[in-house]
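Worksheet: one structure, shown below.
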Amino acid sequence: MADLLYFTGTMDCGKSTLALQMDHNHKTRGRLGKIFTSNDRAGESTLSSRLGLEAAAIEVRPDFDFWQYVVDELTHGGRIDYVVCDEAQFYQREQVEQLARLVDELQIDVFCFGILTDFRAMLFPGSARLVELADRTELLQVEALCWCGERATHNARTVAGEMVTEGEQLVLGDMEDPENVVETAYEVLCRRHHRRKLTAARARATLSPEVLPFGGAG
Ligand SMILES: Nc1ncnc2c1ncn2[C@@H]1O[C@H](COP(=O)(O)OP(=O)(O)O)[C@@H](O)[C@H]1O
Ligand SMILES: Cc1cn([C@H]2C[C@H](O)[C@@H](COP(=O)(O)O)O2)c(=O)[nH]c1=O
């Protein structure tokens, strides 16, 4: 039986790395797969992990039709045993439904990877549909940590160093890096600190070093 699986977690918890590992493990056992992604930070048609691995991928634009693509491939003599779908939060709800149809009607395994919620702590439409349809939703085991040491459960967006809760849902970006300050960045936080808009930089600026974990380092 094929499965529709959704591997999820915050930004920077290892989803893309796992996507590439899953592809590798299935490929080395002789299975044939396709890799898809959408709006990867490394550029179009690329699946990239912060551990340095990259693979060529098919870019999923809003009008892309998974069902049509796979049926075309099979009709022209191709074989597809599984598909790996990264940045699945950006997929349209209809595209997730097409993926479920590949599982049920063509017995193709579908492995999806993405973040559940946006910088406002609201579900992405693609992720919501995946949670509704997946055979299993799995939270990644590698915990990204909030600056306080708790498990990070939420994604925060910062603009010029300040956490924001208004703006477009889709804004590409990477984790905040104190060595390389950019206009828009992201930081993962526990829910308590996301609610209070207390980022690492604000905690350093407003709390005394004695109450900060790890001696306020980082
Ligand atoms: N220099 C490093 N050494 C070890 N692990 C690293 C390093 N840089 C990044 N990582 C790991 O890579 C993870 C991010 O992987 P990635 O697949 O890009 O995440 P995601 O797709 O979830 O955003 C980090 O949580 C960390 O565990
Ligand atoms: C929270 C949030 C994130 N994004 C963007 C930022 C990154 O480009 C990707 C997530 O990539 P990762 O591999 O999981 O680190 O999503 C966004 O557009 N909107 C958001 O609210």
Side-chain angles (χ1 to χ4, degrees), residues 5-25 35-57 59-62 84-92 95-96 111-128 130-131 137-147 149-191 193-195 197 199-200 218:
L5 304 182
Y6 190 30
F7 297 92
T8 186
T10 59
M11 285 180 69
D12 200 32
C13 71
K15 303 178 301 296
S16 300
T17 307
L18 180 62
L20 291 167
Q21 288 174 316
M22 296 273 286
D23 176 59
H24 174 83
N25 291 353
I35 303 180
F36 298 91
T37 192
S38 180
N39 295 293
D40 190 286
R41 284 180 310 278
E44 212 165 273
S45 307
T46 305
L47 192 172
S48 72
S49 127
R50 292 183 183 81
L51 277 177
L53 291 172
E54 272 190 17
E59 184 72 19
V60 178
R61 299 194 176 80
V84 166
C85 298
D86 201 23
E87 307 290 356
Q89 72 274 5
F90 294 142
Y91 297 5
Q92 307 295 308
Q95 290 172 327
V96 173
F111 308 126
C112 293
F113 304 81
I115 50 179
L116 271 186
T117 54
D118 66 13
F119 68 110
R120 303 161 302 172
M122 312 269 274
L123 284 167
F124 282 92
S127 296
L130 271 162
V131 171
T137 296
E138 290 196 10
L139 206 57
L140 259 71
Q141 291 308 304
V142 178
E143 297 183 0
L145 300 180
C146 179
W147 59 265
E150 287 294 313
R151 181 175 194 151
T153 48
H154 288 69
N155 303 297
R157 179 185 291 165
T158 57
V159 175
E162 289 293 319
M163 181 173 158
V164 295
T165 50
E166 280 176 22
E168 294 294 314
Q169 188 173 53
L170 198 168
V171 178
L172 302 190
D174 208 343
M175 308 308 290
E176 197 156 70
D177 174 4
E179 307 294 314
N180 177 29
V181 177
V182 293
E183 179 66 8
T184 299
Y186 290 92
E187 177 176 341
V188 292
L189 297 172
C190 65
R191 187 189 60 235
H193 291 133
H194 194 278
R195 282 183 47 241
K197 294 196 190 172
T199 59

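Every number for a ligand or one of its atoms is a count from 1 in the order of the listing. None of these values were measured; they are calculated from a predicted model.
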>> If you measure every N or O of Thr10 against every N or O of ligand 2, does any of those distances drop under 3.5 Å?
In response: no
>> Within the protein, is there a heavy atom lying under 4.0 Å from atom 26 (C) of ligand 1?
In response: no
>> Give me the atom names and distance for the closest heavy-atom approach of Ile35 to Ala56.
In response: CB-O, 4.0 Å
>> Under the criterion side-chain hydrogen bond (donor to acceptor under 3.5 Å, both in side chains), I'd like the reasoning laid out for Asp40 against Thr46: C-alpha separation, chi angles, the key distance, then a yes or no.
In response: CA-CA 6 Å; Asp40 190 286; Thr46 305; over 6 Å; no
> Taking both backbone and side-chain atoms of Gly173, is any N or O found less than 3.5 Å from an N or O belonging to ligand 2?
Replying inline: yes
> With under 30° as parallel and over 60° as perpendicular, where do the rings of Phe90 and Phe124 fit, or are they tilted in between?
Replying inline: perpendicular
> Judging by distance only, is a nitrogen or oxygen of Gln169 under 3.5 angstrom from one on ligand 2?
Replying inline: yes
> Which residue holds the protein heavy atom closest to atom 2 (C) of ligand 2, what is that atom called, and what is the gap in Å?
Replying inline: Tyr186 CE2, 3.3 Å
> Taking N or O atoms only and a 3.5 Å limit, does Arg41 qualify as a polar contact for ligand 2?
Replying inline: yes
>> I need the atoms of ligand 2 closer than 4.0 Å to a non-hydrogen atom of Arg157, numbered in the order shown.
In response: 19 (N), 20 (C), 21 (O)
> With a cut-off of 4.0 Å, which atoms of ligand 2 are near a heavy atom of Met11?
Replying inline: 3 (C), 6 (C), 7 (C), 10 (C), 14 (O), 15 (O)
Atom pairs and distances, side-chain donor-acceptor, residues 155-165, under 3.5 Å, sequence neighbours left out:
from, atom 1, to, atom 2, distance (Å)
Asn155, OD1, Met11, N, 2.9
Asn155, ND2, Thr117, O, 2.9
Arg157, NE, Tyr186, OH, 3.0
Arg157, NH1, Glu168, O, 2.8
Arg157, NH2, Glu168, O, 3.0
Arg157, NH2, Gln169, O, 3.1
Arg157, NH2, Tyr186, OH, 3.0
Thr158, OG1, Glu176, OE2, 2.7
Thr158, OG1, Ala185, O, 3.4

>> Run His193 and Glu150 through side chain to side chain contact (heavy atoms under 4.5 Å, CB included) and show every step you take.
In response: CA-CA 10 Å; His193 291 133; Glu150 287 294 313; over 6 Å; no
> Tell me, which protein residue and heavy-atom name are nearest atom 14 (O) of ligand 2, and how many Å apart are they?
Replying inline: Lys15 NZ, 2.9 Å
>> Working to the nearest 0.5 angstrom, can you tell me the gap between Leu130 CG and Leu116 CG?
In response: 9.5 Å
> Any non-hydrogen atom of Ala144 lying under 4.0 Å from ligand 1?
Replying inline: no
>> Give the atom numbers and elements of ligand 2 that come within less than 4.0 Å of a heavy atom of Ile115.
In response: 1 (C), 2 (C), 3 (C), 14 (O)
>> I'd like to know if Arg120 contacts ligand 2, where contact means a heavy-atom distance under 4.0 Å to any ligand atom.
In response: no
> Below 3.5 angstrom, do we get any N/O pair linking Phe124 and ligand 2?
Replying inline: no
>> How far is atom 21 (O) of ligand 2 from the closest protein heavy atom, and which atom is that?
In response: Phe119 N, 2.8 Å
> Which atoms of ligand 1 sit under 4.0 Å from any heavy atom of Thr17?
Replying inline: 15 (O), 16 (P), 17 (O)
> Who gets closest to atom 14 (C) of ligand 1 by heavy atom: Leu145, Ile115, Asp12, Asp86?
Replying inline: Asp12
> Do you know the tightest heavy-atom contact between Cys190 and Arg151?
Replying inline: CB-O, 3.7 Å
> Does Arg50 approach ligand 2 within less than 4.0 angstrom via side chain, backbone, both or neither, non-hydrogen atoms only?
Replying inline: side chain
> Which atoms of ligand 1 have any heavy atom of Gly14 under 4.0 Å away?
Replying inline: 14 (C), 15 (O), 16 (P), 17 (O), 19 (O), 20 (P), 22 (O)
> At a 4.0 Å cut-off, with the gap strictly under it, does some heavy atom of Glu87 reach an atom of ligand 2?
Replying inline: yes
>> Tell me whether Val171 has any N or O atom under 3.5 angstrom from an N or O of ligand 2.
In response: yes
>> Give me the residue, atom name and distance of the protein heavy atom closest to atom 7 (C) of ligand 1.
In response: Leu51 CD2, 3.7 Å
>> Could you identify the single nearest non-hydrogen protein atom to atom 16 (O) of ligand 2 and state the distance to 0.1 Å?
In response: Phe90 CZ, 3.3 Å
> Got an N/O contact under 3.5 Å between Thr117 and ligand 2?
Replying inline: no
>> Is there a side-chain contact between Thr199 and Trp147 in this structure, where contact means two heavy atoms from C-beta onward sitting under 4.5 Å apart?
In response: no
> Which option, Arg50, Met11, Gln21, owns the non-hydrogen atom nearest atom 23 (O) of ligand 1?
Replying inline: Arg50
> At the 4.0 Å heavy-atom cut-off, does Met175 count as touching ligand 2?
Replying inline: no
>> Going by a strict under-4.0 Å cutoff (protein heavy atoms only), does atom 1 (N) of ligand 1 have a neighbour on the protein?
In response: no
> Going by the order shown, which atoms of ligand 1 are within less than 4.0 Å of some heavy atom of Ser49?
Replying inline: 17 (O), 18 (O)
> In chain order, what residues pass the salt bridge (charged side-chain N to carboxylate O under 4.0 Å, His left out) check against Glu54, with sequence neighbours excluded?
Replying inline: none
